[in-house]
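One structure is given below, encoded as structure tokens.
Heads up: numbering here begins at 1 and tracks the sequence.
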Amino acid sequence: MHMPNQSVEAPAAAATAVGPDAYYARSLAEGRWQVQRCNACHRPIFFPRTACTACGSTDYTWFTPSGHGLVHSTTVMRRPPTAGGDLHLCLVDLEEGFRMMSRVEGIEPGRVAIGDPVVAVLIEHAGAPLVVFHPNGEGV
């Protein structure tokens, strides 16, 4: 699917988003994880932008990543049980060549390690769609 740089109606959860951000938010709301790929240099563009950060081109295509990646870095935010308990945060290197911040679920936060293989899953969090990862689990 090719999506030129144009404003797209944002879902209620992302009412302030415009352009590529709005398309990204709407895709997630529809249960699809879409990422941009530059048509000039073929590199992935993540987080959504109006121009490629590598070459400056404004010509891009949206694609569905495989969701497979490796944990690049990991940390645990210590929180009291009344605040939801410990929360895992990580950077994941996706096989398509981009990195994103998220969290790994389905495992104790302190057991996530650098280099762990993970796969993306779409969940609902606080009323909005979110991309998280599971260790060797089923993905999007």
Side-chain angles (χ1 to χ4, degrees):
M1 168 197 298
H2 177 71
M3 186 69 184
N5 289 334
Q6 61 186 13
S7 182
V8 179
E9 182 180 332
T16 59
V18 296
D21 285 339
Y23 182 85
Y24 180 77
R26 188 172 75 195
S27 294
L28 287 179
E30 294 170 352
R32 297 177 296 116
W33 181 30
Q34 297 278 288
V35 175
Q36 295 165 291
R37 179 178 289 125
C38 177
N39 287 330
C41 71
H42 308 291
R43 292 185 180 163
I45 304 168
F46 188 81
F47 203 83
R49 301 175 190 274
T50 57
C52 177
T53 57
C55 73
S57 173
T58 59
D59 183 25
Y60 55 85
T61 303
W62 291 91
F63 74 99
T64 301
S66 70
H68 294 277
L70 298 175
V71 174
H72 173 80
S73 67
T74 178
T75 191
V76 177
M77 283 181 33
R78 300 291 180 197
R79 303 182 311 177
T82 56
D86 292 347
L87 179 67
H88 176 261
L89 296 172
C90 65
L91 291 174
V92 174
D93 288 332
L94 281 295
E95 68 182 19
E96 287 80 10
F98 66 95
R99 181 176 291 159
M100 73 178 287
M101 181 181 287
S102 187
R103 65 184 186 231
V104 177
E105 296 188 338
I107 186 173
E108 291 179 38
R111 292 192 53 219
V112 179
I114 292 171
D116 281 354
V118 292
V119 64
V121 221
L122 285 176
I123 65 165
E124 186 175 314
H125 176 76
L130 181 67
V131 178
V132 299
F133 292 87
H134 283 183
N136 298 320
E138 296 298 317
V140 291

statement: Tracing side-chain contacts under 4.5 Å among Ile, Leu, Val, Met, Phe, Trp and Tyr outward from M101 reaches L91
- request: Can you see which heavy atom on Y60 is nearest to which on P20, and at what distance?
  value: OH-CG, 3.5 Å
task: Determine whether W33 and P65 make a side-chain contact, defined as any pair of heavy atoms from C-beta on separated by less than 4.5 Å.
output: yes
query: Can you name the residues that form a side-chain hydrogen bond (donor to acceptor under 3.5 Å, both in side chains) with E108, not counting sequence neighbours?
result: none
field: Which atom of V71 lies closest to which atom of S73, heavy atoms considered
entry: CG1-O, 3.5 Å
query: Please, which pairs that meet ring-ring contact (aromatic ring centres under 6.0 Å, His included) have at least one residue in residues 99-122, sequence neighbours excluded?
result: none
- prompt: Is there a side chain to side chain contact (heavy atoms under 4.5 Å, CB included) between I114 and T74 once you walk through the steps?
  reply: CA-CA 6 Å; I114 292 171; T74 178; 4.1 Å; yes
message: Restricting to side-chain contact (heavy atoms from CB on, under 4.5 Å), what partner residues turn up for M77, sequence neighbours left out?
response: R79, L87, L89
- request: Tell me, please, which residues at least two apart from P81 pass side-chain contact (heavy atoms from CB on, under 4.5 Å).
  value: none
For residues 116-133, which side-chain donor-acceptor pairs fall under 3.5 Å, sequence neighbours excluded?
{"unit_1": "D116", "atom_1": "OD2", "unit_2": "A113", "atom_2": "N", "d": "2.8"}

- request: Flag yes if F47 and W62 sit in one hydrophobic cluster, no otherwise; membership is Ile, Leu, Val, Met, Phe, Trp, Tyr, and two members link when side-chain heavy atoms are under 4.5 Å apart.
  value: yes
- prompt: Pairs in or reaching into residues 86-97: which pass salt bridge (charged side-chain N to carboxylate O under 4.0 Å, His left out), with residues at least two apart or in two chains?
  reply: R78-D86, D93-R99
- line: Residues pairing under ring-ring contact (aromatic ring centres under 6.0 Å, His included) where one sits in residues 77-99, two or more places apart or in two chains, turn out to be F46-F98
message: Measuring only between side-chain heavy atoms, which start at C-beta, is P135 closer than 4.5 Å to V112?
response: no
Any donor-acceptor N or O pair under 3.5 Å, side chains T64, Q34: yes
- request: Supply the atom-to-atom distance L94 CG to S102 OG, rounded to the nearest 0.5 angstrom.
  value: 9.5 Å
- request: Mind listing the closest non-hydrogen atom pair of H42 and N39 along with its distance?
  value: CE1-O, 3.5 Å
- prompt: Linking Ile, Leu, Val, Met, Phe, Trp and Tyr by side-chain heavy atoms under 4.5 Å, what else ends up with L70?
  reply: none
- line: So the salt bridge (charged side-chain N to carboxylate O under 4.0 Å, His left out) pairs with at least one residue in residues 34-45 (sequence neighbours excluded) are none
task: Quick one: pull up SG in C55 and CG in D59 and give me the separation to the nearest 0.5 Å.
output: 9.5 Å
- line: For V76, the other hydrophobic cluster members (4.5 Å side-chain criterion, sorted by chain and number) are none
